[in-house]
There are 2 protein chains.
Amino acid sequence: MTQPSRALAGRPEATSHAEIEQAAFRLFAERGFEGTTMDAIAAEVGVGRRTLFRYYSSKNDIPWGQFDRTLEGFRQILDDMPTDIPLHEAVHRAVVAFNDFPDNASPPHRQRMRLILETPALQAHSVLRYAEWRTVIAEYVARRLGLEPDELVPSVVAQVSLALALTAYEQWLRLPEASLRELLGRAMLSLRVHLGVDIEERPNGASDLPQSAKTSGSIE
Amino acid sequence: MTQPSRALAGRPEATSHAEIEQAAFRLFAERGFEGTTMDAIAAEVGVGRRTLFRYYSSKNDIPWGQFDRTLEGFRQILDDMPTDIPLHEAVHRAVVAFNDFPDNASPPHRQRMRLILETPALQAHSVLRYAEWRTVIAEYVARRLGLEPDELVPSVVAQVSLALALTAYEQWLRLPEASLRELLGRAMLSLRVHLGVDIEERPNGASDLPQSAKTSGSIE
DNA sequence: ACAATAGATGCACTCGATGCCAAAAGGGAA
DNA sequence: TTCCCTTTTGGCATCGAGTGCATCTATTGT
């Protein structure tokens, strides 16, 4: 929608989502999120303030950028999951896959997530995004179990999946060396241990981590 | 601080938190949250707009009211939990106890929670409150395990506990007849079943519910 | 050159939030 | 009673996010 489809007529777009985000992040980095006004961003981009609001409906939406499009991918990942593995395994793998970035090329992603997770106004605003994300999971769970998305089990699974993902991200920001996929695995394992789940055989060898098992094992 | 301690000198307070909340909820009910301006609330209370902001630092804070004081109670409930029961059991019981209201006398509480959980602006704002609530749990878990509150396991437990509580509240609004404590129990049970936990003996007989077991049992 | 189209932008306005400061309202002591 | 001290009130000005409306501008197609 940014490059591919050129309108058949009409005034060309004065800027792009990408350009706005770059300018915005530049300002956020030097003045902080609260300290950056929409006027300032508009000036930096070289566009009218009113125009900015047509690209992003609110200042809080800028850091999330293209999240909507990403959700499509998430839905796809879930749909492609094999149906012969346990539901919890499928959901967990999908969450891991969704957050499996080029890893080393993640500095910009880390910066974005740090901004989102550490700025109060954005922490608050993000709930609305998380709700869409949870809906994707709830719908998948509901489909596999023959339930409605707003029933108890789909809701619980979606909400808990988000809880684990948020915890993993928190730790990811705290521990510069850990990888997100590793932390997601450890978070899930911690929960299982906490709830007293028997540590059964785990098909995906990548998720098992001696440290977390040792730490979590000391529970009670 | 509202009634007990009268200042030794100075102008008396023109209103109270309780009075403001009543007036505000009255207006929210008839015009909706977004449709109610701070000016309108101030007028309804019969006080200056500026004064309103000294009682509640933001419009979003009004529906939460006395939540801060409630948190003290929550901390207390956790501290009073017996240490000879499993950690997950202690946390769960504390969450249930914290949300165990007079039950039938809950219409006002239900109305408040409905407003909070269904108004986008409040959904977003509430994250900040939830964070404090999670901290209480994380600190308790950390203390019992000899860890720091910001480490993985305490974070996971706190975040998942919130996830379960939010799910239970969602269902509570959806199902007029169900009790919150029952829903919290069912949410926890659902999670255990989902993760493949063996349904072992449960010390507290109150949490087991045939319906939930049946529903959750149909997983896979 | 002209029409049609889609986007850009200025303007005015609402509303939440904040800093500053003078006025109001009570208690206590001279 | 009167004056002083204390505390809260609340008016005023200001900032910044958002929004509706009207108008202008840059392109493509005829």
Side-chain angles (χ1 to χ4, degrees), chain A residues 1-21 23-24 27-28 31-64 115 119-126 128, chain B residues 1-21 23-24 27-28 31-64 115-116 119-128:
Chain A
M1 195 177 261
T2 311
Q3 285 180 341
S5 72
R6 271 299 301 116
L8 297 82
R11 181 172 177 169
E13 296 166 354
T15 180
S16 66
H17 290 265
E19 190 184 4
I20 291 175
E21 281 177 46
L27 294 180
F28 293 159
R31 312 181 197 179
F33 182 78
E34 312 283 5
T36 305
T37 69
M38 286 298 265
D39 282 284
I41 300 174
E44 181 83 1
V45 178
V47 82
R49 190 182 101 103
R50 197 63 183 74
T51 301
L52 214 52
F53 276 105
R54 205 174 292 104
Y55 279 79
Y56 289 96
S57 52
S58 82
K59 182 181 167 184
N60 288 333
D61 281 314
I62 297 179
W64 278 99
L115 185 68
T119 304
L122 294 177
Q123 285 171 14
H125 180 74
S126 300
L128 309 173
Chain B
M1 196 178 262
T2 311
Q3 286 179 342
S5 71
R6 272 298 301 116
L8 296 83
R11 179 171 176 169
E13 294 166 357
T15 182
S16 66
H17 290 266
E19 190 184 5
I20 291 175
E21 280 177 47
L27 294 179
F28 292 159
R31 312 182 197 179
F33 182 78
E34 312 284 4
T36 305
T37 69
M38 286 298 267
D39 282 285
I41 300 173
E44 181 83 1
V45 178
V47 83
R49 192 181 102 101
R50 197 62 184 75
T51 301
L52 213 53
F53 276 105
R54 208 173 287 105
Y55 280 78
Y56 290 95
S57 52
S58 82
K59 182 181 167 185
N60 288 333
D61 281 313
I62 296 179
W64 278 99
L115 185 68
I116 290 175
T119 305
L122 294 177
Q123 285 170 15
H125 180 75
S126 300
V127 176
L128 309 172

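In what follows, every chain begins at residue 1, and chains take the letters A, B, ... in the order their sequences are listed.
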What is the separation between atom [atom1] on [X] and atom [atom2] on [N], rounded to the nearest whole Å?
| X | N | atom1 | atom2 | value |
| --- | --- | --- | --- | --- |
| Lys59(A) | dG18(D) | NZ | P | 8 Å |
| Leu52(A) | dT19(D) | CG | C1' | 14 Å |
| Glu34(B) | dG18(D) | CD | C1' | 12 Å |
| Arg31(B) | dC15(C) | CZ | C1' | 14 Å |
| Ile41(B) | dC15(C) | CD1 | C1' | 12 Å |
| Asp39(B) | dC13(C) | CG | C1' | 14 Å |

Checking only heavy atoms, does the side chain of [X] share a donor-acceptor pair with the base of [N] at less than 3.5 Å?
| X | N | answer |
| --- | --- | --- |
| Arg50(B) | dG19(C) | yes |
| Arg49(A) | dG18(D) | yes |
| Arg11(B) | dG10(D) | no |

[options]: which one has an atom nearest the side-chain heavy atoms of [X]?
| X | options | result |
| --- | --- | --- |
| Ala9(B) | dA17(C), dT27(D), dG26(C) | dG26(C) |
| Phe53(A) | dG16(C), dT9(D), dG18(D) | dG18(D) |
| Pro12(B) | dT27(D), dA25(C), dT6(D) | dA25(C) |

Nearest heavy-atom contact between Gln123(A) and Leu128(B) is OE1-CD2, 3.8 Å
Phosphate OP1/OP2 of [N]: any [X] side-chain N/O under 4.0 Å:
| X | N | answer |
| --- | --- | --- |
| Arg54(A) | dG7(C) | no |
| Tyr55(B) | dT9(D) | yes |
| Tyr56(B) | dA17(C) | no |

Where do Met38(B) and Ile41(B) land on the side chain to side chain contact (heavy atoms under 4.5 Å, CB included) test, with the steps shown first?
CA-CA 5 Å; Met38(B) 286 298 267; Ile41(B) 300 173; 4.2 Å; yes
Between the side chain of Tyr55(B) and the main-chain N/O of Thr15(B), is any donor-acceptor distance below 3.5 Å?
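Checked: pair present.
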Ser58(B) side chain vs Asn60(B) backbone, donor-acceptor pair below 3.5 Å:
yes
Determine whether Asp61(B) and His125(B) satisfy the following criterion, side chain to side chain contact (heavy atoms under 4.5 Å, CB included), listing intermediate values before the conclusion.
CA-CA 8 Å; Asp61(B) 281 313; His125(B) 180 75; 2.9 Å; yes
If you look at every strand shown and take non-hydrogen atoms under 4.0 Å, does Thr51(B) touch a base, only sugar-phosphate, or nothing?
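The residue Thr51(B) makes base contact.
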